[in-house]
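Following: one structure in structure tokens, then a few remarks.
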Amino acid sequence: MTATDDCLFCRIVRQEIPATIMWEDEHALAFRDIEPRSPVHILVIPKRHFASLNDAADAMLLGRMLLAAREIAEGEGIAQSGYRVVINTGANAGQSVAHLHVHLMGGRTMTWPPG
Ligand code: DGP
């Protein structure tokens, strides 16, 4: 069994687990977070498995994911009110799924710094 066989987000990429897909291209996929912490809470992930940001060196892919977050924010109507993009990386940051993902969050006022 490889790292991707039992990876939750790889399984979403393979459509083995249902998700509300918001956007997709050849290399990345965006879907609604199952436990939304804000009115808009969407995850953008690479289709290829990287355990975290520590493991991804593809600048084109990472840039595309950020641009996708901006595009989706525009589509969700939160580009002007404001939104946050977050990549939790590792234990101290609270990363709970070991497949790189960008949180796109908006639709409410947020505090800084995060807890
Ligand atoms: P993090 O804590 O940064 O690793 O964020 C993981 C997020 O993934 C968390 O906000 C909840 C979300 N999540 C976990 N399992 C699923 C799932 O099966 N489907 C969807 N859509 N989101 C999930």
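First listed ligand is number 1; within each ligand, the first listed atom is number 1. Note that the numbering runs from 1 along the sequence shown for the chain.
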Next item on the list: For the residue pair F9 and H101, categorise the inter-ring angle as parallel (less than 30°), tilted (30 to 60°) or perpendicular (more than 60°).
Entry: perpendicular
Next item on the list: Output the list of atoms in ligand 1 that are nearer than 4.0 Å to some heavy atom of Q95, sorted by atom number.
Entry: 4 (O)
Item checked: Which residue and heavy atom of the protein sit nearest atom 1 (P) of ligand 1, plus the separation -> H101 NE2, 3.1 Å
Checklist line | Heavy-atom neighbours of Q80 CD exceed 12 at 6.0 Å | finding: no
Checklist line | Where ligand 1 meets F31 - atom numbers and elements under 4.0 angstrom, heavy-atom basis | finding: 20 (C), 21 (N)
Notebook entry, point to check: Looking only at heavy atoms, is any part of T20 under 4.0 Å from ligand 1, and if so is it the side chain, the backbone, or both, or is it neither?
Noted result: neither
Margin query: If you measure every N or O of D33 against every N or O of ligand 1, does any of those distances drop under 3.5 Å?
Written below: yes
Next item on the list: Check whether any heavy atom of G94 sits under 4.0 Å from an atom of ligand 1.
Entry: yes
Item checked: Heavy atom of R37, distance to ligand 1 below 4.0 Å -> no
Next item on the list: Return the residue, atom name and 0.1 Å-rounded distance of the protein heavy atom closest to atom 22 (N) of ligand 1.
Entry: I34 N, 3.2 Å
Notebook entry, point to check: Do you know the tightest heavy-atom contact between D55 and A51?
Noted result: OD2-CB, 3.4 Å
Next item on the list: Could you tell me which non-hydrogen atom of W23 sits nearest to which non-hydrogen atom of I72, and how far apart they are?
Entry: CB-CD1, 3.8 Å
Notebook entry, point to check: Under 3.5 Å, side chain of R14 to main-chain N/O of D5, donor-acceptor pair present?
Noted result: yes
Item checked: atom 21 (N) of ligand 1: the protein heavy-atom neighbour that sits closest, reported with distance to 0.1 Å -> R32 O, 2.9 Å
Margin query: Can you name the atoms of ligand 1, numbered from 1 with element, that are less than 4.0 Å from a heavy atom of F9?
Written below: 8 (O)
Check: Is the shortest distance from a Lys or Arg side-chain nitrogen in K47 or E24 to a carboxylate oxygen in the other one below 4.0 Å?
Finding: yes
Notebook entry, point to check: Which of the atoms of ligand 1 are close to S96, meaning less than 4.0 Å from one of its heavy atoms?
Noted result: 1 (P), 2 (O), 4 (O), 5 (O), 6 (C)
Notebook entry, point to check: Between L8 and ligand 1, is there a nitrogen or oxygen pair with a distance under 3.5 Å?
Noted result: no
Next item on the list: Would you indicate whether the side-chain heavy atoms of V40 and Y83 approach each other to under 4.5 Å?
Entry: no
Checklist line | Heavy-atom closest contact (A19 atom, I12 atom, distance) | finding: CB-CG2, 3.8 Å
Check: Relative to ligand 1, is V86 under 4.0 angstrom through side chain, backbone, both or neither, heavy atoms considered?
Finding: neither
Check: At a 4.0 Å threshold, what atoms of ligand 1 neighbour a non-hydrogen atom of V97?
Finding: 4 (O), 6 (C)
Notebook entry, point to check: Looking at Q95 and S52, what are the two nearest heavy atoms and their distance?
Noted result: OE1-CB, 3.5 Å
